[in-house]
Amino acid sequence: MNDFPDDIFTEPEDVDPDTLANLGPLRRLAGIWEGTKGVDLNPKAEGPERREFTERIELQPIDPQANGPQLFYGLRYHTRILATDEDATFHDQVGYWLWEPATGLMMQTLAIPRGQIAMASGHAAPDAASLVLTATRGSTEYGICSTAFLEHAFRTDSYRIEVNFNPDGSWSYVLDTMLLVHGKPFQHRDVNTLVKVAEPTPNPLMLLGKR
Ligand code: HEM
């Protein structure tokens, strides 16, 4: 059951402009990261294909966002993945990671250029060492939307991401994207560990305040 206020228009007052100080468990994702130990299992006609990849992901704070009384802090991200044996981009993805301090709600939006978008959600404590978010095809709230071709040939039934923060400051993820290919389930899995190569840039409102 959702416990939303009757007043859906009034926005919160005195919002702290410092996104990096209000990201809860997402704070440890902020920055620019690289990973060289990626492994992908993807569907091919002859069966699962295993490929190794490198990744660069930029996660930068955005200004606080309000939906009426609902307040989010977040990061905008872009990840670019190259297979270790090929120059062309292997996987590209953009979106937001969002955190609602009042409820512990986390969201990840993702758009990938095969004509597919999703929004995954989960809950966590501000000091969580592990995050789990899921999206399910058919859900109007935290769902998956694909091209007609993908619906026909590679139906994407669910998406799950698990992030684990490591003691050395790096973080690792496991992505499980469940596909239906020729009527058979296929577990499209990706794993990697990301090491920080640069600190994040404060959000635009914070930068304005510093002039
Ligand atoms: C690290 C992340 C990922 C990598 C490296 C990756 C890589 C790949 C590769 C190499 C293929 C096979 C492409 C081909 O044969 O043309 C593939 C297929 C696919 N991926 Fe991913 N993927 C990732 C994440 C995702 C996510 C998050 C989703 C959706 C939520 C997704 C959805 C699909 C679908 C639907 C296909 C089948 C379409 C096709 O093979 O043409 N992938 N992926």
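Every number for a ligand or one of its atoms is a count from 1 in the order of the listing.
Put simply, His91 stays out of reach of atom 21 (Fe) of ligand 1, with no N, O or S atom under 2.8 Å from it.
Residue nearest to atom 27 (C) of ligand 1, selected from Phe154, Phe149, Tyr173, Tyr159: Tyr159 (by heavy-atom distance).
The protein heavy atom nearest to atom 35 (C) of ligand 1 is Thr156 OG1, 3.5 Å. Atom 39 (C) of ligand 1 has its closest protein heavy atom at Arg114 NH1, 3.3 Å. With hydrogens left out, the protein atom closest to atom 12 (C) of ligand 1 is Asn42 OD1, 3.3 Å, a heavy atom. Looking only at protein heavy atoms, the nearest one to atom 29 (C) of ligand 1 is Gln116 OE1, 3.3 Å. The shortest contact between atom 4 (C) of ligand 1 and any protein heavy atom is with Asp190 OD1, 3.3 Å. Here the heavy atom of the protein found nearest to atom 31 (C) of ligand 1 is Ile112 CD1, 3.6 Å. When hydrogens are left out, the protein atom nearest atom 7 (C) of ligand 1 is Asp40 OD1, 3.5 Å; that is the closest non-hydrogen contact. Here the protein heavy atom with the shortest distance to atom 1 (C) of ligand 1 is Ile81 CD1, 3.2 Å.
In this pair, Tyr77 and Trp97 present their aromatic rings tilted. The plane angle is within the 30 to 60° band.
For the atom pair OG1 of Thr134 and CE of Met178, the computed distance is 14.0 Å after rounding to the nearest 0.5 Å. Distance check, rounded to the nearest 0.5 Å: CG of Asn203 to CG of Asn22 gives 9.5 Å.
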| task | Before giving the answer on side-chain hydrogen bond (donor to acceptor under 3.5 Å, both in side chains), spell out for Asp92 and Thr89 the whole-Å C-alpha distance, their side-chain angles and the decisive distance to 0.1 Å. | result | CA-CA 7 Å; Asp92 196 85; Thr89 302; 5.3 Å; no

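Per-residue contacts place Phe90 under 4.0 angstrom from the following atoms of ligand 1 (heavy atoms of the residue considered): 5 (C), 10 (C). Heavy-atom proximity to Thr177, at under 4.0 Å, picks out these atoms of ligand 1: 26 (C), 27 (C), 28 (C), 29 (C), 30 (C).
Contact annotation for Leu175 and ligand 1: only side-chain heavy atoms (C-beta onward) come within less than 4.0 Å of the ligand. Contacts between Leu179 and ligand 1, counted as non-hydrogen atom pairs separated by less than 4.0 Å, involve the side chain only. No part of Glu55 comes within 4.0 Å of ligand 1, judged by heavy-atom distances.
Note: an N/O pair closer than 3.5 Å links His188 and ligand 1 by distance alone.
In terms of modelled atom types and a separation under 3.5 Å, the side chain of Asp40 and the main chain of Asp190 share no donor-acceptor contact. For Thr109 (side chain) and Tyr96 (main-chain N/O), a donor-acceptor pair under 3.5 Å exists by modelled atom type.
Looking at Thr54 and Glu34, their side chains never come closer than 4.5 Å, going by heavy atoms from C-beta outward. Looking only at side-chain heavy atoms (C-beta outward), Leu41 and Gln187 stay at 4.5 Å or farther from each other.
With 3.5 Å as the limit, one finds no donor-acceptor pair spanning the side chains of Asp63 and Thr19. A donor-acceptor contact closer than 3.5 angstrom links the side chains of Ser146 and Gln116.
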